Amino acid sequence: SSTMSFSEAEVQSARGAWEKIYVDAEDNGTTVLVRMFTEHPDTKSYFAHFKGMGSAEEMKQSDQIRGHGKKVFTAINDMVQHLDNSEAFLGIVNPLGKKHATQLKIDPKNFRIICDIILQLMEEKFGGDCKASFEKVTNEICTHLNNVYKEAGW
């Protein structure tokens with residue numbers, strides 16, 4: 001369904017958890033992407049300019065990876081600001097999903113991978129409560145992105 005069910009308390013604690021990691025959006029976004037490319041090397045194939053990069057160190061220094069890491073975190077941040085407004089939330093998720101499905105042709109399983117790495121990073125840096133507060137948000141994001149993919153005939 002397209003309506004989201006976050007209680008006010010859930011929204012507040014999810015935002016609190018997210019703020020902690022979003023403070024360093026570029027560094028943390030970069031860490032998430034570098035982990036994804038390192039642990040799931042097939043994901044690199046979607047990024048022509050990242051393909052040749054071997055080491056995690058080399059990736060961490062890349063302006064393009066840093067830029068895309070920040071872009072990912074900015075998009076999630078926009079979604080987090082609209083957890084209490086389904087229409088606005090979907091207004092961000094839908095075009096993003098559509099672009100990744102139709103133009104970029106990115107396998108939707110990669111969204112789950114990114115979300116899981118974000119949760120893992122939250123837990124490492126800020127503990128299990130922080131991760132738990134944000135888990136529902138990642139599920140919501142992935143569910144809606146998958147719906148967009150289905151509509152796009154993926």
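In this chain, numbering begins with 1 at the start of the sequence shown. Every heavy atom of this structure was used, including side-chain atoms; hydrogens, water molecules and symmetry mates were not. This structure is a prediction, so every number in the text was calculated from the model and none was measured.
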Working to the nearest 0.5 Å, report the span between [atom1] of [X] and [atom2] of [Y].
{"X": "N77", "Y": "E19", "atom1": "CG", "atom2": "CD", "answer": "8.5 Å"}
{"X": "D78", "Y": "F73", "atom1": "CG", "atom2": "CZ", "answer": "13.5 Å"}
{"X": "K136", "Y": "I141", "atom1": "NZ", "atom2": "CD1", "answer": "13.0 Å"}
{"X": "M59", "Y": "R66", "atom1": "CE", "atom2": "CZ", "answer": "14.0 Å"}
{"X": "L121", "Y": "F134", "atom1": "CG", "atom2": "CZ", "answer": "12.0 Å"}
{"X": "L145", "Y": "I106", "atom1": "CG", "atom2": "CD1", "answer": "11.5 Å"}

Compare all side-chain heavy atoms of [X] with those of [Y] and state whether any distance is below 4.5 angstrom.
{"X": "V137", "Y": "F6", "result": "yes"}
{"X": "L96", "Y": "M79", "result": "yes"}
{"X": "M53", "Y": "I65", "result": "yes"}
{"X": "I114", "Y": "L33", "result": "yes"}

Item to complete: Evaluate whether atom CD of E39 has more than 12 neighbouring non-hydrogen atoms of other residues, nucleotides or ligands under 6.0 angstrom away.
Response: yes
Worksheet entry | Residue D129 excluded, over 12 heavy atoms near CG under 6.0 Å | no
Discussion item. Could you see if I76 belongs to whatever hydrophobic cluster contains L104? Use Ile, Leu, Val, Met, Phe, Trp, Tyr and a side-chain cutoff under 4.5 Å.
Written reply: yes
Locate the shortest heavy-atom distance separating [X] from [Y]; write the atom from each residue and the value.
{"X": "A152", "Y": "T102", "value": "CB-CG2, 4.1 Å"}
{"X": "T38", "Y": "A56", "value": "OG1-CB, 4.3 Å"}
{"X": "A14", "Y": "L83", "value": "CB-CD1, 4.1 Å"}

Worksheet entry | salt bridge (charged side-chain N to carboxylate O under 4.0 Å, His left out) against K131, all qualifying residues, sequence neighbours excluded | E123
Discussion item. Checking E124 now: which residues fulfil salt bridge (charged side-chain N to carboxylate O under 4.0 Å, His left out) with it, not counting sequence neighbours?
Written reply: R35
Worksheet, complete the sentence: The single option from I118, I21, V72 that satisfies side chain to side chain contact (heavy atoms under 4.5 Å, CB included) with V32 is I118
Discussion item. Quick one, M122 with T138, criterion side-chain contact (heavy atoms from CB on, under 4.5 Å). Give me CA distance, side-chain angles, the key distance, then yes/no.
Written reply: CA-CA 12 Å; M122 281 181 157; T138 62; over 6 Å; no
Could you tell me whether a side-chain N or O of [X] sits under 3.5 Å from a main-chain N or O of [Y], the two making a donor and an acceptor?
{"X": "N146", "Y": "C142", "answer": "yes"}
{"X": "K70", "Y": "D27", "answer": "no"}
{"X": "K105", "Y": "Y46", "answer": "no"}

Discussion item. Determine whether Y149 and K98 satisfy the following criterion, side-chain contact (heavy atoms from CB on, under 4.5 Å), listing intermediate values before the conclusion.
Written reply: CA-CA 7 Å; Y149 267 72; K98 206 168 254 161; over 6 Å; no
Worksheet item: With E57, which residues qualify under side chain to side chain contact (heavy atoms under 4.5 Å, CB included), at least two apart?
Response: S55, K60, Q61
Worksheet item: Yes or no on side-chain contact (heavy atoms from CB on, under 4.5 Å) for T74 and Y22, after CA distance, side-chain angles and deciding distance?
Response: CA-CA 8 Å; T74 303; Y22 188 65; 3.9 Å; yes
Worksheet item: Parallel, tilted or perpendicular for F89 and H144, by the 30°/60° rule?
Response: perpendicular
Fill in: Side-chain donor-acceptor pair present, S133, R15, cut-off under 3.5 Å
no
Worksheet item: How about Q120 and D116: does a side-chain donor come under 3.5 Å of a side-chain acceptor?
Response: no
Worksheet item: Less than 6.0 Å separating the ring centroids of F47 and H68?
Response: yes
Worksheet entry | Carboxylate-amine/guanidinium contact D42 K109, below 4.0 Å | yes
